[in-house]
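First the structure, in the form of structure tokens, and then the observations on it.
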Number of protein chains: 2
Amino acid sequence: MTSDAATQPVFRRKSLHEELIDAIREQIVDGRLTPGTKVPEKDLCAQYGVSRTPLREALKVLATDGLLTLEANRGAWVSKITQEDLDEVFPVMGALEALSGELACKHITDAEIRKVRTLHNEMVKYYQKRDLANYFAVNQRIHEAILAAARNDTLSSQYRSLATRVRRARYVANMTEERWAQATDEHEQIMQCLEARDGLRLSVVLKSHLENKLETVRQWLKDNDLATSTSQLPASKTSSR
Amino acid sequence: MTSDAATQPVFRRKSLHEELIDAIREQIVDGRLTPGTKVPEKDLCAQYGVSRTPLREALKVLATDGLLTLEANRGAWVSKITQEDLDEVFPVMGALEALSGELACKHITDAEIRKVRTLHNEMVKYYQKRDLANYFAVNQRIHEAILAAARNDTLSSQYRSLATRVRRARYVANMTEERWAQATDEHEQIMQCLEARDGLRLSVVLKSHLENKLETVRQWLKDNDLATSTSQLPASKTSSR
DNA sequence: TTTTTGCATTTCGTATTCATAATTACACAC
DNA sequence: GTGTGTAATTATGAATACGAAATGCAAAAA
């Protein structure tokens with residue numbers, strides 16, 4: 001849906017490989033490309049109506065992002081999410097999110113705070129309706145808003161890169177009733193810190209918020225094991241870069 | 001020195017584009033490729049004896065690392081280091097380094113601590129001899145050792161990516177006498193935290209250590225302006241990814 | 001029956017070719 | 001002499017082609 005092979009090629013702004021990066025990243029994140037399986041280079045070429053050259057350029061970039069693993073002469077594989085990956089990635093995200101909170105309190109405008117408050121209230125409504133999908137969607141927009149308020153593109157891109165890697169897991173991670181209540185409460189605290197512009201406390205809250213989230217995902221992973229359930233198994237190691 | 005176009009192609013382990021990534025990254029970091037100038041695609045092909053395909057794959061990866069900026073139909077440019085870049089990158093590095101200290105205290109072995117102490121003493125000697133080059137070299141090894149002790153590959157690679165981006169600046173940043181003394185003192189504190197396995201305090205020390213370092217580099221940049229001094233100027237924006 | 005060896009097929013990595021966009025050079029008009 | 005428009009040149013982006021490596025299967029040997 002992102003890209004159309006038949007878009008007017010006359011006024012294309014992004015280069016092919018850039019469009020492919022986004023398109024394939026989405027396929028990985030939303031699960032159309034299954035973790036642990038081989039990337040069907042040929043199929044993707046056909047699907048997007050491009051040759052192998054721009055496709056392979058895109059694969060290389062996605063590999064540096066940790067979404068794919070390249071094996072010499074054996075092609076690209078969709079990275080699996082292992083327990084160890086999560087244990088590695090979440091602390092780093094925690095550190096980055098803590099920083100984002102700290103910086104956001106310094107730079108955020110009153111208008112932005114009101115905007116986040118609106119999102120927050122919206123999210124609480126979805127919580128009360130037990131509408132997980134929308135809850136997640138708004139939740140993500142809140143974290144994005146805080147990130148934007150931090151006014152640090154480097155931070156944003158680093159954070160997003162990691163978030164994308166684990167999003168596959170977070171998406172599906174069903175929460176227990178208690179955990180959901182806890183998360184919503186944590187978000188109320190986040191709001192309060194933001195409105196008080198208490199950067200130090202916000203960074204602490206965000207960090208522990210993420211630690212709790214890790215626990216949820218970890219629990220979920222224990223049940224539906226993304227690491228071993230899928231069919232094709234390359235002799236791949238944990239992806240780093 | 002890094003790579004040789006005439007290496008026995010029979011027993012090559014890395015693929016061409018991987019070798020090129022490392023080789024070109026080094027050229028950028030050590031200044032053979034000047035910030036703000038165009039990447040001489042043709043020359044590099046000739047230099048390494050490869051065709052454009054693997055080279056361009058490498059350029060795309062380096063662009064996601066922020067070392068290059070790609071402009072549509074205008075090729076790749078070596079990213080300039082601006083004041084704003086530093087102000088963005090250093091806080092993120094600070095957060096990551098703080099985390100590395102925290103984790104290192106949890107996981108580091110006694111043998112590793114002794115190893116770092118050895119490096120530290122060596123560094124102090126170079127300080128006393130006012131040997132900046134070697135001081136920097138050992139300094140970097142200390143931070144690498146702490147990073148390794150954190151036992152988190154994701155953290156390591158993220159940190160290294162940022163460090164590489166600013167290394168060009170840090171390398172040349174001559175320190176004032178006071179700043180140098182202060183930095184060395186901070187390193188003594190780092191050692192003490194590590195030996196006491198006081199993760200919390202280490203993270204604080206590392207963070208402020210990096211903040212001070214930023215101040216040094218910022219000062220230096222004000223004098224020798226990497227941002228505007230170089231010749232060719234593309235209409236490029238700040239690189240993020 | 002099991003294992004191993006050799007061949008065929010597929011797919012990957014790289015080089016080469018082609019098309020198109022951008023830059024430069026030059027001529028002509030003002 | 002300066003500025004603009006057009007043509008020539010150059011370089012970039014993408015497609016195709018080719019050699020090499022890996023995989024799968026079958027046949028032969030143990």
Side-chain angles (χ1 to χ4, degrees), chain A residues 3-24 33 36-64 68-79 231-236, chain B residues 3-24 33 36-64 68-79 231-236:
Chain A
S3 108
D4 182 357
T7 34
Q8 289 79 358
V10 182
F11 283 101
R12 218 187 42 221
R13 330 209 88 91
K14 288 188 177 182
S15 59
L16 272 188
H17 87 268
E18 282 180 295
E19 299 207 42
L20 288 171
I21 289 171
D22 294 340
I24 298 172
L33 288 173
T37 62
K38 205 154 135 36
V39 177
E41 197 174 283
K42 217 169 161 185
D43 291 0
L44 289 175
C45 284
Q47 187 174 334
Y48 294 107
V50 299
S51 77
R52 287 177 58 215
T53 307
L55 184 86
R56 302 184 80 253
E57 288 173 342
L59 296 186
K60 258 142 206 100
V61 171
L62 290 169
T64 64
L68 299 178
T69 305
L70 300 179
E71 291 191 48
N73 295 318
R74 300 201 49 230
W77 303 73
V78 184
S79 299
S231 44
Q232 303 176 58
L233 301 177
S236 76
Chain B
S3 110
D4 182 358
T7 33
Q8 290 78 359
V10 183
F11 285 100
R12 220 186 40 223
R13 332 210 86 91
K14 288 187 178 182
S15 58
L16 271 187
H17 85 269
E18 283 180 293
E19 299 207 44
L20 288 171
I21 289 171
D22 295 340
I24 298 172
L33 288 172
T37 62
K38 204 152 136 36
V39 177
E41 199 174 282
K42 218 169 160 185
D43 291 0
L44 289 174
C45 285
Q47 187 174 334
Y48 294 107
V50 299
S51 78
R52 285 176 60 217
T53 308
L55 183 87
R56 303 182 79 251
E57 288 174 343
L59 296 185
K60 256 133 207 115
V61 171
L62 290 168
T64 66
L68 300 179
T69 306
L70 299 179
E71 292 191 48
N73 296 319
R74 299 199 51 230
W77 303 73
V78 183
S79 299
S231 44
Q232 304 175 61
L233 300 178
S236 74

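A, B, ... follow the sequence lines: proteins, then strands. Residue 1 opens every chain. For the numbers below, each heavy atom of this structure counts, side chains included, while hydrogens, waters and symmetry mates do not.
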To the nearest angstrom, how far is A:L44 atom CG from C:dC12 atom C1'? 15 Å

Where the side chain of A:L16 is defined as all heavy atoms beyond and including C-beta, which of C:dA15, C:dG13, D:dA15 is the nearest nucleotide? D:dA15

Taking OP1 and OP2 of C:dT23, is either one under 4.0 Å from a side-chain nitrogen or oxygen of B:R74? yes

Side-chain heavy-atom pair A:K14, A:D22 within 4.5 angstrom cut-off: yes

Compare every heavy atom of A:Y48 with every heavy atom of A:A23, then report the nearest pair and how far apart it is. CB-OH, 3.5 Å

Separation of A:R56 atom CZ from D:dT16 atom C1', in whole Å? 14 Å

How close do B:K38 and B:R74 get, heavy atom to heavy atom, and via which atoms? NZ-O, 3.6 Å

Looking only at heavy atoms, what is the nearest atom pair of A:H17 and A:P54, with distance? CB-O, 3.6 Å

Closest to the side chain of B:S51, out of D:dT16, C:dG13, C:dT16, is C:dT16

With B:L59 as reference, evaluate B:L20, B:V39, B:I21 under the side chain to side chain contact (heavy atoms under 4.5 Å, CB included) test and give the passing residue. B:V39

Want to settle it: does A:N73 or B:K42 sit nearer the 5' end of DNA chain D, counting the closest nucleotide to each? B:K42

To the nearest angstrom, how far is B:R52 atom CZ from C:dC18 atom P? 14 Å

In whole angstrom, give the distance that lies between atom NE2 of B:H17 and atom P of C:dA15. 13 Å

Nearest whole Å is fine: how far is D:dA11 P from B:E71 CD? 17 Å

Below 4.0 angstrom from OP1 or OP2 of C:dC12, is there any side-chain N or O of A:K38? yes

Between C1' of D:dA14 and CD1 of A:I21, the distance in whole Å: 15 Å

Verify the contact: side-chain N or O of A:T53 to OP1 or OP2 of D:dA14, cut-off strictly under 4.0 Å; return yes or no. no

Separation of D:dG13 atom P from A:K60 atom NZ, nearest Å, is 17 Å

Distance in angstrom units between A:E57 CD and C:dT14 C1', rounded: 13 Å

